[in-house]
2 protein chains.
Amino acid sequence: MYSIGDLSRRTGVKIPTIRYYEQMGLIAAPERSEGNQRRYEKPELERLAFIRHARDLGLSIESIRDLLALSRHPERPCGEADRIAKEHLITVREKIAQLQKLERELERIVACNGDHTIGDCYVIRALADHSMCGGDH
Amino acid sequence: MYSIGDLSRRTGVKIPTIRYYEQMGLIAAPERSEGNQRRYEKPELERLAFIRHARDLGLSIESIRDLLALSRHPERPCGEADRIAKEHLITVREKIAQLQKLERELERIVACNGDHTIGDCYVIRALADHSMCGGDH
DNA sequence: TCTAATGCTCCAGAAGCTATAGGTTTGGAG
DNA sequence: CTCCAAACCTATAGCTTCTGGAGCATTAGA
C-alpha cells in the first residue's frame, strides 16, 4: 500500500507527473482511500519505474505506451519491442551527429578571446552572416 | 519593402513564427501598409536571418535576445557575447555526452535478435529492471 | 484531539512554435 | 475598373511533457 508520495520517493517521479501519467493513460487510475487519496500496490510501482527508466532514455510517451501494451502479451514475439528500441537508437545517433556539427561550429565561433569590441566580434558576425560558418548546415 | 511572406521565403522562417518573434520582442513591430499588413526593410531581414541562424545552432530565445541587445552597442567589449557562445558550447557538449551514454545503453538493450517472445525480451526486461543496465545513470 | 504533512482538483505556465477560424487586403488579369 | 485568388490580419487553441500554485480535504503521528 503506497501513497502517491511514497511512489514518488521510490521512483523519483514527481507527484504531479504521476498524476499526469495517469491522465495520459500510462498508468491505470488506482484504488482510492476513503478520503479519495490514491493508493498503489507493487505492480504500479514497477510499472512507474519502467516508465521512468524509459523516459530517462528519451523514449516518447507514445513509444512507452506501445512497449507497455506489448509487455501485457508475453507470449507474442518481441520483434516489435526490438523495433521501437532500434528506431530510438537511430534517432539518438542522429541527434548526436547533429550536435557534434553544432559543437564544431560553436568552437570556431568561440575562438575569440573577448578582448575587443562587439563591432568586431566574431560571435556576432558569424551569427549575422551564415556564409562565415562553412555552410554545412 | 518586403511583405511577411517575402521575409519568410528569404529567411526560411515560417510566417506564424515571424509574428511569434515579434510578439516575443525579438524583432520590432514593423511599419504597416494602409491595409494594416506588415512591411519590412532590409535591416529586419538581416535581423531575422541572424535569429534563424542562432536558433539553428540551438540558442534559446533568451540568449538570442541578449546577443541582439549586445549587437546594438558595437563599442562595448565583446566578452559577454563570447560568454554566451561559450556557455552554449558547454551545454551542447553535455548533451552530447549524455546522448552517448544513452546510445551505449540502447546498444546493449537492442542486442536482441527479435526471434523470441516478449516474456523473454531483453528490451522489456532492461526497461523494467534498471539494475540490468550497468547502473551508470 | 490536534496539527503538520500530505493529498485532492483545477487551472495556468513554460518553450517554441503550429494550426485553425473567420475575416480583410493586395496585386495581377481581363 | 472590376474581379478574384492569394496573401494577409487577429485571436485563440493546441502541441509535448511536465511543473507549480491556489484553495481546500485527509491522514498519521504526538
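In what follows, chains are A, B, ... by sequence order, proteins preceding strands, each numbered from 1.
- The main-chain N or O of A:Met24 is found under 3.5 Å from a side-chain atom of A:Arg65 such that the two form a donor-acceptor pair.
- By the 4.5 Å heavy-atom criterion applied to side chains, A:Glu31 and A:Glu41 are not counted as neighbours.
- Rounded to whole Å, the distance from CE on A:Met24 to C1' on D:dT17 is 9 Å.
- Residue B:Arg9 is out of contact with every strand shown, counting any heavy-atom pair closer than 4.0 Å.
- Within the 3.5 Å criterion, the main-chain N or O of A:Pro43 finds no donor-acceptor partner in the side chain of A:Glu46.
- Taking each heavy atom of B:Ser8 and B:Val13 in turn, the nearest pair found is OG-O, 2.8 Å.
- The separation between B:Arg32 atom CZ and C:dT24 atom C1' is 13 Å, rounded to whole Å.
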Strictly under 3.5 Å: I want the nitrogen or oxygen pairs between protein and nucleotides 18-22 of chain D, one per line.
| residue | atom | partner | partner atom | Å |
| --- | --- | --- | --- | --- |
| D:dC18 | OP2 | A:Tyr21 | OH | 2.9 |
| D:dC18 | OP2 | A:Arg55 | NE | 2.6 |
| D:dT19 | OP2 | A:Thr17 | OG1 | 2.6 |

Report each atom pair, protein N/O against N/O of nucleotides 26-30 of chain D, whose distance is under 3.5 angstrom.
| residue | atom | partner | partner atom | Å |
| --- | --- | --- | --- | --- |
| D:dT27 | OP1 | A:Ser33 | OG | 2.9 |
| D:dT27 | OP1 | A:Gly35 | N | 2.9 |

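- Rounding to the nearest 0.5 Å places OG1 of A:Thr11 at 10.0 Å from OH of A:Tyr40.
- Dashed line: the shortest gap from a side-chain N or O of A:Ser3 to OP1 or OP2 of C:dT6 is not under 4.0 Å.
- What separates CD of A:Gln23 from C1' of C:dC11 is a distance of 11 Å, to the nearest Å.
- Between the P atom of C:dC17 and the CD atom of B:Glu62 lies a distance of 14 Å, rounded to the nearest Å.
- If you take CZ of B:Arg65 and P of C:dG16, they are 10 Å apart, rounded to a whole angstrom.
- Dashed line: the shortest gap from a side-chain N or O of A:Arg38 to OP1 or OP2 of C:dG7 is not under 4.0 Å.
- Side chain of B:Arg10 to backbone of B:Leu45: no donor-acceptor contact under 3.5 angstrom is found.
- In plain terms, the two heavy atoms of A:Gly5 and A:Ile15 that are nearest each other are CA-CD1, 4.0 Å.
- Put simply, the side chain of A:Leu48 does not reach to within 4.5 Å of the side chain of A:Arg52, judged on heavy atoms.
- Spacing between atom CD1 of B:Ile4 and atom P of C:dT24 amounts to 19 Å, rounded to whole angstrom units.
- Of the possible donor and acceptor atoms, none in the side chain of A:Arg47 sits under 3.5 Å from a partner among the backbone N and O of A:Leu68.
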